[in-house]
There are 2 protein chains.
Amino acid sequence: MTTISVDEPHREQKPQRNLAQKLVQEILQKIESKVLVPGDKLPKEADIMQEHGVSRTVVREALQRLQASGNVETKHGIGTFVLNNKGQGPMDLSFDYVNDAVEILELRIGLEVEIAGLAALRRTDEQLVEIRKALDALRAIDRNGHVSDAGSADFNFHLLIAKSAGNHYFVDIMQHMENSLVPRKRIDVSHVNHEHEEVYTAIERGDSYAARAAMRLHLTNSRERFLKLARQ
Amino acid sequence: MTTISVDEPHREQKPQRNLAQKLVQEILQKIESKVLVPGDKLPKEADIMQEHGVSRTVVREALQRLQASGNVETKHGIGTFVLNNKGQGPMDLSFDYVNDAVEILELRIGLEVEIAGLAALRRTDEQLVEIRKALDALRAIDRNGHVSDAGSADFNFHLLIAKSAGNHYFVDIMQHMENSLVPRKRIDVSHVNHEHEEVYTAIERGDSYAARAAMRLHLTNSRERFLKLARQ
DNA sequence: GAGTGGTCTAGACCACTTC
DNA sequence: AAGTGGTCTAGACCACTCC
């Protein structure tokens, strides 16, 4: 009886390319099947490496995708946790004011993230100057405490960026949304200004990737700030 | 008393974290200052490594960001090339039909990429079934050659995904855009179907990251196919 | 077959959080 | 100080393109 002796642990020859993609799907399945529920902590990276027999590069690539998806959240020095986006429905609390405002914010994320990316690639120097002016005006208003004017100044900043994206449809929709925007009141202005600056500098240096990331961060933070206020 | 024994070849004078981000900005500056112009080939990764004194990980991270930004394009086995998004203006060819259609496609990219990501997180099983039906109907139409119906069937597929995103604003805008959509004619149907399948499977398994990527790929490819047709 | 990008591994050191 | 994620290095092998 001749058994072909293979010293390998097993004929596990899966030259599978894209181990990260596979890991993503396996973790998503654990979330889908309730093995992992919102709030749960994922195993530490070293454990995931051993469990799936892959290197840390693969684990981190998978976790980064799950972060970008909004499925999990990673906290430096603590761990990675499952978020509660799926499962509790399309935030069907009720058709009230809060829910409507959040939906508007979600719409703006889709539009303005793309707008910021295009503006970084296409803005003229003249348009950049106008955006800078709007930003300075907004900061001046905040310093003087004329909060009532801040809403329209904030909108103007976003609208000027839309006009720098070189696509009039974006401008049209933004203008139609003007009356639906959440009024700014007692919001942590320093955070907003810092986020605006991040968006501006990315557009200034033509960094589309950073512009998109900065705009997304700004709008998701705005959503969180609004929800925090609404719950009070 | 513990002596930290670390073999240091030399005094590393740059403990700089985020080398990739720095590399991105340096390459963007070369594009901005016309040292690199659209169509130019970047040095191969090994050369960039040596030139900047960083590992390949850093180089590849930087190039991936520049790809995501639309600043460069990488071709497997060939090289990385500078794209011409910046500098030649907001595609100010003229206000003709072609330009308008492209702007609509850009708007759809912003909206539908976000829609696909949300749909992957929120879709119900019932909604998934409806999307599957629309996809099958579309394939049947393509097989039978009833190209005239394909446009509305295609729109229906996209609309059903929007309805699965749990935000009625997205649905409203999509419906308003229905009449503005580019009619499908003599387009490479097999590619479109394959791209639709990619979007569907990502939404099916709740992979928001993949859903976004698949939708973006589908719509940018649609734009390229349209432009190719328009130039004929 | 040579050249170039794509994926993966193993390990080192840094930064943040908690005890 | 211990634990965990963040960044970076060096090197191996695979996949695609072109000659």
Side-chain angles (χ1 to χ4, degrees), chain A residues 8-9 12-27 36 39-68 71-83 209-210 213 217, chain B residues 1-27 39-68 71-83 209-210 213 217:
Chain A
E8 319 285 341
E12 197 175 336
Q13 289 300 352
K14 288 192 176 180
Q16 167 103 21
R17 66 180 195 290
N18 242 340
L19 294 176
Q21 178 61 32
K22 192 154 200 171
L23 222 190
V24 166
Q25 292 180 226
E26 290 180 11
I27 294 176
L36 289 171
D40 277 5
K41 182 178 173 304
L42 268 61
K44 61 183 170 187
E45 295 179 349
D47 289 347
I48 299 178
M49 288 167 61
Q50 190 168 7
E51 182 184 350
H52 292 82
V54 296
S55 72
R56 198 174 164 205
T57 304
V58 173
V59 173
R60 289 187 58 74
E61 168 72 13
L63 292 181
Q64 282 170 21
R65 292 193 197 181
L66 289 167
Q67 280 180 59
N71 295 100
V72 306
E73 173 188 29
T74 297
K75 296 181 182 178
H76 192 173
I78 305 180
T80 300
F81 302 84
V82 179
L83 291 178
Y209 177 91
L217 184 62
Chain B
M1 172 66 188
T2 60
T3 39
I4 301 174
S5 59
V6 180
D7 297 321
E8 292 196 18
H10 277 93
R11 287 191 66 78
E12 290 298 330
Q13 296 177 347
K14 290 189 176 183
Q16 167 103 20
R17 66 180 193 286
N18 241 338
L19 296 176
Q21 178 62 31
K22 193 155 199 170
L23 223 190
V24 166
Q25 292 182 225
E26 290 181 10
I27 294 176
D40 277 5
K41 183 178 174 301
L42 268 61
K44 60 183 171 187
E45 294 180 350
D47 288 348
I48 299 179
M49 289 167 61
Q50 190 168 8
E51 181 184 350
H52 292 80
V54 296
S55 73
R56 200 176 164 204
T57 305
V58 173
V59 172
R60 289 187 58 75
E61 168 72 12
L63 292 181
Q64 281 169 22
R65 291 193 196 181
L66 289 167
Q67 280 180 60
N71 294 100
V72 305
E73 173 189 29
T74 297
K75 296 181 181 178
H76 192 174
I78 305 180
T80 299
F81 302 84
V82 178
L83 290 178
Y209 177 91
L217 184 63

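Chain A is the first sequence line, chain B the second, and so forth, proteins listed ahead of strands; every chain is numbered from 1.
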If you check every side-chain atom of B/Leu19, which of D/dC8, C/dT9, D/dG5 has the closest atom? D/dC8
Note, B/Leu63 side chain near B/Leu42 side chain (heavy atom, < 4.5 Å): yes
Base, sugar-phosphate or nothing for A/Thr57? Non-hydrogen atoms, less than 4.0 Å. base
Whole-Å distance separating the CD atom of B/Glu45 from the P atom of C/dG3: 16 Å
Any chance you could measure B/Met49, atom CE, to B/Arg60, atom CZ, to the nearest 0.5 Å? 11.0 Å
In the structure I gave you, are the side-chain heavy atoms of B/Ile48 and B/Leu23 within less than 4.5 Å of one another anywhere? yes
Provide, to the nearest angstrom, the distance between the NZ atom belonging to B/Lys44 and the P atom belonging to C/dG6. 15 Å
Rounded to whole angstrom units, what separation is found between the NZ atom of A/Lys75 and the C1' atom of C/dT17? 11 Å
Closest to the 5' end of DNA chain C, once A/Val58 and B/Arg60 are matched to their nearest nucleotides, is B/Arg60
Looking only at side-chain N and O atoms, does B/Arg56 come under 4.0 Å of OP1 or OP2 in D/dT9? no
Whole-Å distance, A/Leu42 CG to D/dG5 C1', equals 13 Å
Listed nucleotide nearest any side-chain atom of A/Ser55, set D/dC8, D/dT17, C/dC8: C/dC8
Just the rounded figure in Å: distance from C1' of D/dA10 to CD1 of B/Ile48. 18 Å
Do A/His52 and A/Lys22 have side-chain heavy atoms sitting under 4.5 Å apart? no
What is the separation between atom CE on B/Met49 and atom C1' on C/dG3, rounded to the nearest whole Å? 15 Å
Look at atom CD of A/Glu26 and say whether more than 12 heavy atoms of other residues, nucleotides or ligands are closer to it than 6.0 Å. yes
Whole-Å distance between D/dT17 P and B/Lys41 NZ? 15 Å
Would you mind telling me which of D/dC18, C/dT17, C/dA15 lies closest to the side-chain atoms of A/His76? C/dA15
Could you give the CD-to-P distance, from B/Gln64 to D/dT7, as a whole number of Å? 14 Å
Closest to the 5' end of DNA chain C, once A/Ala20 and A/Gly77 are matched to their nearest nucleotides, is A/Ala20
